[in-house]
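This report concerns only the one structure given below.
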Amino acid sequence: GEGNFMYQYLNVRAFGKIAKYLKEKPHVLIPHMEVNTVADINYKYLKQAGIKGIIFDKDNTITEPYKLTVHPQVRASIDECNKLYMENMVLFSNSAGGKDDLNDSEAKITEEKLKIRVLRHHKAQKPDGIKHVMDHFNCKPYELAMVGDRYSTDIVFGNLNGMLTIHCGIFTTKGENFMVKIARICEKYIVNTLLQKNYSPENHRMIPPQNLQFCKVDNKQLK
């Protein structure tokens, strides 16, 4: 459909920006933290450390691609985050609430099904869109965490604006469009290459590198 075509186009456009970042500031592609899923994030610690809001990508972050149910692996974790952050936990998706969702129909359905607020951002797609985010949150950008599965959109967006950035693994490639799959492979290769060359993100303003370990759930405590 037209929406899917536009989404593919926007992914190509976002990926095209990688060349610019690689030349000017490669570190923005590298997250502060890598987790297998969002269930590995210690939301209580983030709140104690001064993070006032959490921004999630949707597809392959909290749901399977284009699905409207929270993935079972992260259901309990998302519920916990919701209790801690309430209206300061939002979805920033490049589909729901975005340019193609003109009457907000997809955003409204997503909110109803997932019980999570969806940011409206009709004039911008990640890695742009900071104005729409700050219109919602009553805090500084560095007091926010951006969580998502895409380096070229989620992580670049967070890092460009001084947020804590958390990259998560995906649930499945089933249902993803072809351009997303190709972009993901390329992004991973680029990030691995940068890491081998000892690039790292700029230190977060409130959570220094030595404290990032506390941002993860200690799995030993869960057993």
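Heavy atoms from other residues, nucleotides or ligands lying under 6.0 Å from OH of Tyr199 number 12 at most. Within a 6.0 Å radius of NZ in Lys67, no more than 12 heavy atoms belonging to other residues, nucleotides or ligands are found. The neighbour count for Lys113 NZ, taken as heavy atoms of other residues, nucleotides or ligands under 6.0 Å away, does not exceed 12.
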Test side-chain contact (heavy atoms from CB on, under 4.5 Å) on Thr173 and Lys181 and set out the steps. CA-CA 7 Å; Thr173 57; Lys181 290 177 183 176; 4.0 Å; yes
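The closest donor-acceptor contact from the side chain of Asn177 to the backbone of Met179 lies under 3.5 Å. Not a single donor-acceptor pair under 3.5 Å links the side chain of Thr61 to the backbone N or O of Phe56. Remark: side-chain polar atoms of Lys25 are not paired, donor with acceptor, to backbone N or O of Lys20 under 3.5 angstrom. The closest donor-acceptor contact from the side chain of His32 to the backbone of Glu202 lies under 3.5 Å. One N or O on the side chain of Asn159 and one on the backbone of Val28 form a donor-acceptor pair closer than 3.5 Å. For Asp154 (side chain) and Asp149 (main-chain N/O), a donor-acceptor pair under 3.5 Å exists by modelled atom type.
Ring orientation note: the planes of Phe171 and His71 are close to parallel, at an angle under 30° on the 30°/60° scale.
Stacking of Lys188 on the aromatic ring of Tyr151 is not recorded, the 6.0 Å distance cut-off and the 45° axial limit not both being met.
Of the inter-residue distances, the one linking Lys140 atom NZ with Asn161 atom CG reads 13.5 Å to the nearest 0.5 angstrom. Atoms NZ and CG, from Lys44 and Leu46 in turn, are 12.5 Å apart once rounded to the nearest 0.5 Å. To the nearest 0.5 angstrom, Tyr85 atom OH is 10.0 Å from Glu80 atom CD. Between Arg184 atom CZ and Asn60 atom CG the span is 5.0 Å, to the nearest 0.5 Å. Taken from CG in Leu91 to CG in Leu114, the straight-line distance is 6.0 Å, to the nearest 0.5 Å. The distance from atom OH of Tyr45 to atom CD1 of Ile207, rounded to the nearest 0.5 Å, is 5.5 Å.
Judged as a salt bridge (charged side-chain N to carboxylate O under 4.0 Å, His left out), and not counting sequence neighbours, Arg205 has no contacts. For Lys52, the salt bridge (charged side-chain N to carboxylate O under 4.0 Å, His left out) test picks out Glu143, with sequence neighbours left out. Annotation: side chain to side chain contact (heavy atoms under 4.5 Å, CB included) contacts of Gln213 (sequence neighbours excluded): none. Partners of Leu195 under the side chain to side chain contact (heavy atoms under 4.5 Å, CB included) rule, at least two apart in sequence or in another chain, are Ile30, Val191, Asn192. In this structure Lys197 satisfies the salt bridge (charged side-chain N to carboxylate O under 4.0 Å, His left out) test with no other residue, sequence neighbours excluded. Scored by the side chain to side chain contact (heavy atoms under 4.5 Å, CB included) test, Pro72 finds no partners at all (sequence neighbours excluded).
Residues Cys81 and Ile54 form a side-chain contact, since some pair of their non-hydrogen atoms from C-beta on lies under 4.5 Å apart. A heavy-atom distance below 4.5 Å is not found between the side chains of Ser77 and Ile41. No side-chain heavy atom of Val35 sits under 4.5 Å from any side-chain heavy atom of Val217. Residues Leu164 and Leu212 meet the side-chain proximity criterion, which asks for heavy atoms closer than 4.5 Å. Within the 4.5 Å cutoff, no side-chain heavy atoms of Asn42 are placed close to those of Phe214. Considering only heavy atoms from C-beta on, Met89 stays 4.5 Å or farther from Arg117 through its side chain. Between Met134 and Leu144 there is a side-chain heavy-atom pair separated by less than 4.5 Å.
Ile170 and Val70 are assigned to two separate hydrophobic clusters, defined by single-linkage of ILVMFWY side chains at heavy-atom distances under 4.5 Å. Linking ILVMFWY side-chain heavy atoms closer than 4.5 Å, directly or via other members, places Tyr142 and Val147 in a single hydrophobic cluster. Under the 4.5 Å side-chain heavy-atom criterion for grouping Ile, Leu, Val, Met, Phe, Trp and Tyr, Ile51 is connected to Ile116 within one hydrophobic cluster.
A salt bridge links Arg150 and Glu187; the closest N-O separation between the charged side-chain nitrogens and carboxylate oxygens is under 4.0 Å. Of the charged side-chain nitrogens involved, at least one lies within less than 4.0 Å of a carboxylate oxygen, so that Asp79 and Arg75 count as a salt-bridged pair.
Among all heavy-atom pairs drawn from His167 and Pro31, the shortest one is CB-CG, 3.7 Å.
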